[in-house]
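The structure appears below as structure tokens.
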Amino acid sequence: MSAENPRPSPQAFQLPRRAVLLGLAGVVLGACTGSRTATGSASPAGPSVPATPSESSSTALPATAPWQPGPGEIDPDVKLRATQLVEALGAWPAGGQGPAAARERVRALGLDPSLADQAGPLLGTAPQAVLQVVNAQWGGHLTDSASVMVPCRQWTTEGSGGTTVDVRLVRAQPRWNVTALHPSEPAPPAAALSDAAQRVLAEPRIQLPPAAVADVRGGGVHESVLASMLTLAGRYSYAVTVLRSGHPVDVFGTSRPSDHPPGRAFDVWRIDGHEVVDPATPHDLVDGFMRAAAASGSYNVGGPRRLSGGTTPNQFFTDDAHHDHVHVGFRS
């Protein structure tokens, strides 16, 4: 069970090492991010720019690489199972578009082909598409069931964008089985944004995947969250997995509402170029970020270790689901 929002208490760009993205022209949504390569090497990259009509119509698609788990992961094959499905749904060779072809790609993974019917924005009519998983983070981790959140970027011969998919799995042999997909459903862009929202979108030290960018543009992220993100960016460069959309509605395995869907939380998976899950990442870096998040007003800070102290009871927490990221939650 996740300890997010526990009761009864109140509560420099650097790509990660999961894949090398080449030719990053034409990214419509989000600031720069990336993925770990199989070898664990990292490559720098500058901020992406919105696609122009001529870029969107180009058939030149960037090179991508499959997501691979790195050191320190809990149940790495469960995450791999989730990302392989997202990759199979969101990328196809020339002429491989459409639901029927998607069902066959899912079938080839040994999964229920009808999962393709839940793929939402991952499917399209473009003749060709490539997809890059940004990260794979636990949305919940129990003995026999799990949620894996998979933010991704997608390029097609008709444009570019991305989504975050909440992939639900249950224990099975020889590999865990996927039971459902919940792609993110961000709100439409707001007519006007607060100063803090505009500053978050413009801040190069905050790296947001496409769905999180859409969440900020939709105007539904609370000012307390935006202010905390900006405060933390004064000391750290960091990458966000999820804000509102793409996160389980309830704390996984419970009936308690999560702080994410109402726009009162954000999750960070990489800090100053170091992944939270990596055992080589200095504890002081992650612990310092957690304490800085608490000092910025968060009542509920989760991470790979439960820290001592805090200004409210159980302000800091840990569990398996927060082994790979820092959760920063707010009451309003």
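Rounding to the nearest 0.5 angstrom, the gap separating the CG atom in L169 from the CG atom in D144 is 12.0 Å. One finds the CZ atom of R244 at 12.0 Å from the CG atom of D259 (value rounded to the nearest 0.5 Å). In this structure, OG1 in T241 is found 4.5 Å from CG in N135, a value given to the nearest 0.5 Å. Going from atom OG of S298 over to atom CZ of F316 covers 8.5 Å, rounded to the nearest 0.5 Å. Rounded to the nearest 0.5 Å, atoms OG (S184) and CG (L243) are 11.0 Å apart. Here CZ of R199 is found 9.0 Å from CD1 of I206. Values are rounded to the nearest 0.5 Å.
Residue pairs meeting the ring pair (Phe, Tyr, Trp, His ring centres under 6.0 Å) criterion with at least one partner in residues 173-222, sequence neighbours excluded, are absent. Among residue pairs with one or both ends in residues 103-139, those qualifying as ring pair (Phe, Tyr, Trp, His ring centres under 6.0 Å) are W138-H141; sequence neighbours excluded. A salt bridge (Lys or Arg N to Asp or Glu O under 4.0 Å) check over residues 176-186, counting only residues at least two apart or in different chains, returns nothing.
Among all heavy-atom pairs drawn from A197 and V216, the shortest one is O-CG1, 3.7 Å. Scanning all heavy atoms of the two residues, the minimum distance from Q154 to A129 falls at NE2-CB, 4.4 Å. Between T157 and A126, the shortest heavy-atom distance links the atoms OG1-CB, 3.7 Å. A pairwise comparison of heavy atoms in A294 and Q315 identifies CB-NE2, 3.4 Å as the closest pair. Counting all heavy atoms, side chain and backbone alike, P186 lies closest to D215 at CB-OD1, 3.7 Å. A pairwise comparison of heavy atoms in D166 and P248 identifies OD2-CG, 3.6 Å as the closest pair.
With sequence neighbours excluded, the residues that form a salt bridge (Lys or Arg N to Asp or Glu O under 4.0 Å) with R175 are D77. R105 pairs by the salt bridge (Lys or Arg N to Asp or Glu O under 4.0 Å) definition with nothing, not counting sequence neighbours. Every residue meeting the side chain to side chain contact (heavy atoms under 4.5 Å, CB included) condition with T179, not counting sequence neighbours, appears here in chain and number order: R168, V170. In this structure, the salt bridge (Lys or Arg N to Asp or Glu O under 4.0 Å) partners of R107, at least two apart in sequence or on a different chain, are E104. Residues meeting the salt bridge (Lys or Arg N to Asp or Glu O under 4.0 Å) test with D284, sequence neighbours left out: none. For P121, the side chain to side chain contact (heavy atoms under 4.5 Å, CB included) partners are T163, P183, not counting sequence neighbours. When the ring pair (Phe, Tyr, Trp, His ring centres under 6.0 Å) test is applied to Y236, the partners found at least two apart in sequence or on another chain are F289.
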Between C152 and Q132, does a side-chain contact (heavy atoms from CB on, under 4.5 Å) hold up when you go through it step by step?
-> CA-CA 6 Å; C152 58; Q132 185 64 64; over 6 Å; no
Decide side chain to side chain donor-acceptor pair (under 3.5 Å) for N177 and R171; before the verdict, give the C-alpha distance in whole Å, the side-chain angles of both, and the deciding distance to 0.1 Å.
-> CA-CA 6 Å; N177 190 40; R171 183 179 295 276; over 6 Å; no
Can R305 and D287 be said to form a salt bridge (Lys or Arg N to Asp or Glu O under 4.0 Å), step by step?
-> CA-CA 8 Å; R305 288 167 295 280; D287 296 354; 3.0 Å; yes
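Contact of the V286 side chain with the M290 side chain is registered, since non-hydrogen atoms from C-beta on lie closer than 4.5 Å. L201 is listed as a side-chain neighbour of R217, based on a closest heavy-atom distance under 4.5 Å. Side-chain contact between D278 and P71 is present, with heavy atoms from C-beta onward closer than 4.5 Å. Counting heavy atoms from C-beta on, the side chains of Y238 and M229 come closer than 4.5 Å. When side chains are defined from C-beta on, W269 does not count as touching D267, because their heavy atoms never get closer than 4.5 Å. Inter-residue side-chain proximity for L111 and L85 is flagged as met; some heavy-atom pair is nearer than 4.5 Å. Under the 4.5 Å side-chain criterion, counting only non-hydrogen atoms from C-beta, V106 is not in contact with L109. Between S237 and Q207 there is a side-chain heavy-atom pair separated by less than 4.5 Å.
For the pair R103 and D117, the salt-bridge criterion is met [side-chain N within less than 4.0 Å of a carboxylate O].
The cluster map of Ile, Leu, Val, Met, Phe, Trp and Tyr, joined by side-chain heavy atoms under 4.5 Å apart, puts V130 and W92 in different clusters. Hydrophobic clustering (side-chain heavy atoms under 4.5 Å, transitive across Ile, Leu, Val, Met, Phe, Trp, Tyr) groups V78 together with L80. V213 and F266 fall within a single hydrophobic cluster, where Ile, Leu, Val, Met, Phe, Trp and Tyr are joined by side-chain heavy atoms under 4.5 Å apart, directly or via other members.
For the pair Q118 (side chain) and L181 (backbone), a donor-acceptor distance under 3.5 Å is present. Not a single donor-acceptor pair under 3.5 Å links the side chain of S228 to the backbone N or O of V225. The closest donor-acceptor contact from the side chain of E275 to the backbone of V277 lies at 3.5 Å or more, if one exists at all. In this structure, T164 contributes its side chain and V150 its backbone to no donor-acceptor pair below 3.5 Å. Looking at Q198, its side chain does come within 3.5 Å of a backbone N or O of L193 through a donor-acceptor pair.
A side-chain hydrogen bond (donor to acceptor under 3.5 Å, both in side chains) with H322 holds for exactly one of D324, D320, D319; it is D319. L131 pairs in a side chain to side chain contact (heavy atoms under 4.5 Å, CB included) with only one of the listed residues (T64, L122, T83), which is L122.
R331 and N300 form no side-chain donor-acceptor contact under 3.5 Å, judged by distance and modelled atom types alone. Side-chain contact annotation: D250 with S258, donor-acceptor N/O pair under 3.5 Å absent.
Listed by chain and number, the hydrophobic cluster partners of V249 come to none, as no ILVMFWY side chain reaches under 4.5 Å of it. Here V242 sits in one hydrophobic cluster together with M149; the rule is ILVMFWY side chains under 4.5 Å apart, joined directly or through other members.
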